Amino acid sequence: MHEKYNHQEIEKKWQEKWKEQKLYETLDEVKGKKNFYTLVEFPYPSGNLHIGHWYAFAVPDIFARTKRMQGYNVMFPIGFDAFGLPAENAAIKNKVDPKKWTYDNIAFMEKQLQSMGNSFDWSRKVITSDPEYYKWTQWLFLKLYEKGLAYKKKAGVNWCPSCNTVLANEQAVGGKCERCGTEVTQKDLEQWFFKITDYAERLLSDLDNLKWPEEIKTAQKNWIGKSEGTSLKFEIRNSKSETIEVFTTRADTLFGVTYLVVAPEYEKMEKWKEEKIIKNWDEVQNYINETKSKTEIERTTWKKDPSTGSGQVKTGVEIKGIKVVNPANGEEVPVFVADYVLGNYGTGAVMAVPAHDNRDFEFAKKYGLPVKEVIQPLITKEIGEDAFEKDKPVIERRSVVAVIKHWSEDKYLGAIWKKTGWQGFVIGGIEEGEDAKTAGLREITEETGYKNVEFVKTLPGIINARFLQRVKNQNRLAHFEPVLFRLKDGERAGVVEEEKILQDLKWLGPDEFEKFITHADMQIVWQRAMGNYCYTGDGEMVLGCRREGILVSSGEFNGLTTAEAITKITKKFGDKVTKYKLRDWLLSRQRYWGCPIPVVYDPQGKPHKVPGKNLPWLLPEDVKDFEPKGESPLVTSKELKERTEKIFGNGWKPEFDTMDTFVDSSWYFNRYTDPKNDKEFANKEKLKNWMPVKRYSGGDEHTARHVLYARFFHKALFDLGLVNEAEPFVERMNRGLILGPDGQKMSKSKGNVVDPDELVEKVGSDTVKMYLAFIGPYNETGQYPWDLGGVVGIRRFLERVWKIGLKIESHSAEASGDKKLENQLHKTIKKVTEDIENYKFNTAISAMMIFLNELEHTNQVSKGTFDTFLKLLAPFAPHMTEEIWNSPTSLKLRGANESSIHLEKWPKLDETKIKEEKITVVVQINGKVRAQFEAEVGISEKGAKEKALALPDVQKWLVDKKIKKIIFVLNKIVNFVV
RNA sequence: GCUUGAGUGGUGGAAUGGUAUACACGCAACACUUAAAAUGUUGUCCCGAAAGGGUUGUGGGUUCGACUCCCACCUCAAGCACCA
């Protein structure tokens, strides 16, 4: 061991040795060891590793190494998700071959990854763009196709008519082409889909059995978006057979329907046109064409509607000539076509209940349609319950209570209400977008006329008040927020007449003011609110609000609660149905660098599978132009066309589209179990050895899509009898994100990318890895701005360990008799072991730091103690610990030959060693800490009480006090309540 | 707007309902040094001379005791975005 901790030398040396010794190559089975499969999402070979990759791979390596030391046969594989758009973009930009670009990147990144010193098993590497891999992607696709889970249909893509090209959603920002600014339109293409919707229910219900963090489950649930509702049929007047079917989750509002809306794509539109029952067809057609020219993005971008002052711009036209009948009450209502209704969800038609749905309300307001209330909220009892009236809607308001100080004197502006004679402060409603401060400033100018006001501070005491506002006869729930203002001078404009009639202003002296600031003043504010005047609101808030409550104006259903009414109305007028937001998975890409879809078409255009013996169905290499043109660049391949005709016959054509890269990554974890198999995608026995993945770490950007797709794929394979379990991942952990030093997401264009190579060169792989683990809890998806400053803390820690290592060498091997140190050591074993299991590496490291501090302050440290500590540290700093472990003196002291620390057994916790004999008992008086004393573990309540009462610091506080109660918490607290 | 997550020192963060601010960074003083760096020691939430008091986004509540549980509100981040 050298005096100096030379990380460069050490890390290089051990990485080479580990490779030679094949230390991390995993056998399929090892006698006496259980298999343990831990996985990280494989990277896209973008060119070089950034610090985010380190965070993604180096930190979970701590877990993998620990599991290995704990006696598991651990598989921790790595590969490359190598198909994808960037390769083509590079090809277009730099005229390089996408394949070469990709494989060069892989070679470079492999080298970078090696410098991490991770315990990856490189022998199991998979690359999704290798024909040996995508052969099986194709084979699996065909399996799904055979089962009817892959199908073809027309679907829209974003299309730029000027560039003559297909755009990805992110290239069509704001409905305009990213490159030329032209309006993006929709173009229909025949495309391949996976029927993931068939699995919606299972994908949802199987979540219940997974031990995943709740937020990940919720994210998936939301993505699947199950909603149970009612299908209702509205008959078209004078037509017995024709109906418009709608889907609603709020059947209870059926009596409040005042019109119907259908989507512009509504399927029956054509039929109506042919039957010529639409009287204003030209107008309707115009509207439909208008929406068609808009993109999905444009249609769904949130814009505030200036004509209604709220919500999103809603447009539509009435379909004249069609009226429908409400099945519940026989009322006749009009039908509109509007693009706020989506063609691809539900039935493409909705019943509109403007009184209880915001969107319907906005639309109704804009087009002057009637609003019919059928639900009234239930009121819960609170203050002011007597004033509250049952069965009346509640209006929620935030109001500011403006306490206004005089510009020079110690007096405050009060208001006297002429009607009631009541005195209070200026009160005003807080409008949307305002805070109490700005609302207060505005109200003061309006109500008092004073011009120069400044904000001082927010006063404590928000009052929540429920009351009946008598003038308007409305139930209100108000939050009053008192704020202190100061007038700068007496300059004053006139006050509007309206305000003058209502109130007089009066200066209040300090005494009077005091009353308002204490708790009692809340009563006054309260009375003020109860008084017969309120400035705010026009009652519209209640309309358009979705509420639960009691049915009114609903015939026989009056008085039922929302839940009851939904059941009863559904039973009587409709059918119970379930809908999902989840759409089928569009897997076709009009791109070159992807897995070819193994399908060919006969001269009649009928699709056929490419037979197994012709797999892999190779991606042709004679494509030169990768520019997206609305069809796949593969159409320019002579080789592909010739190959197809040669194998299948004249007039046969290949499928030119390639697959979404999410297909490649939906099954790769299976391939790791048997990466070189050329007979099967993976042998079933080998799959059984390893699957399901015990812990899968990845970014939270993948929870909704990649993880869901992989689950779908695995379920489909399970149904086909190809895999052994229906769920691929036992545990899923999402990590956080490393931001640039500027707190922004790292990107080349922002120039805030942290280069890990440089850093590793400077401080070493162990330091970088440990720093990333130390930055915060790994199982929470926080965001961490990269801060180089913190790295030195870890580097110092490792250097101190190194130094102790040197010191130990000069010590004898005799056991230390230090009980306290042993106790600390075992506490550290416990903490570190538990924290690694829970991915809380930050606190594990902090525990080791605390122990190191202890070690440094102990004169005689035994080799055994230090070795145990070194083993705990080994997964975190694999190179350095290995070096110390194998230093000549260390070997001599151990009387051993060179062997890896990473093959050592994880330190075992000895529970008897962490038992404390003495503990500190805290003495509280009324919950406040006043003293503490040492006592033996398990001290009785009586003993503790006596000891506590003997303390002068306790007696001091108990003078002239009577002890009412004593709370005793074993080994922790004695609390005297007086 | 909806969903989810989060608000604790100058910073990253720590705390099964039981001594809030562990650990680390930064900063300050001191030691070593001709000096600096490195290293080490000590200190470092706020008010206060002290006794003591206050403090986990805000306001309430439950409790002997609340960062932790409940209610309301505010702010930030991410995802979804007219899903009936």
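Naming convention: chains lettered A, B, ... in sequence-line order (proteins, then strands); numbering from 1 in each chain. Bear in mind that the values here come from a model prediction, so they are computed numbers and not experimental data.
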(request) Taking only the side-chain heavy atoms of A:Ile775 (C-beta and beyond), determine which of B:U19, B:G18, B:G12 contains the nearest atom. (result) B:G12

(request) Go through B:G13, B:C23, B:C82 for me and flag the one nearest to the A:Asp339 side chain. (result) B:C82

(request) Kindly point out which of B:G53, B:C23, B:A84 is positioned nearest to the side chain of A:Leu342? (result) B:A84

(request) Please work out if A:Lys221 contacts a base, only the sugar-phosphate, or nothing of the nucleic acid, heavy-atom cut-off 4.0 Å. (result) nothing

(message) Any carboxylate oxygen within less than 4.0 angstrom of a Lys/Arg side-chain nitrogen, looking at A:Glu201 and A:Lys226?
(response) yes

(message) For a quick check of understanding: with a heavy-atom distance under 4.0 Å over all strands, which category does A:Arg930 fall into, base, sugar-phosphate or nothing?
(response) sugar-phosphate

(message) Checking A:Thr249 against A:Glu228: is there a side-chain donor and acceptor pair closer than 3.5 Å?
(response) no

(message) Between the base of B:C82 and the side chain of A:Lys314, is there a donor and acceptor pair under 3.5 angstrom?
(response) yes

(request) Please state whether the base of B:G79 and the side chain of A:Glu701 form at least one donor-acceptor pair under 3.5 Å? (result) no

(request) Mark yes or no for a side-chain to base donor-acceptor pair under 3.5 Å between A:Lys803 and B:U39, with no hydrogen or angle criteria applied. (result) no

(message) Just N and O in the side chain of A:Lys840: are any of them under 4.0 Å from OP1 or OP2 of B:A15?
(response) yes

(request) With A:Lys947 as the cation and A:Phe933 as the aromatic partner, state whether NZ or CZ is under 6.0 Å from the six-membered ring centre and within 45° of the axis. (result) no

(request) Compare the minimum distances between each of B:G5, B:G52, B:A15 and the side chain of A:Thr843, then state the nucleotide with the smallest one. (result) B:A15

(message) Rounded to the nearest 0.5 Å, what separates atom OG1 in A:Thr218 from atom CH2 in A:Trp223?
(response) 15.0 Å

(request) Compare the minimum distances between each of B:G18, B:A20, B:G5 and the side chain of A:Ile967, then state the nucleotide with the smallest one. (result) B:G18

(message) What's A:Lys217 touching, base or sugar-phosphate or nothing? Going by heavy atoms closer than 4.0 Å.
(response) nothing

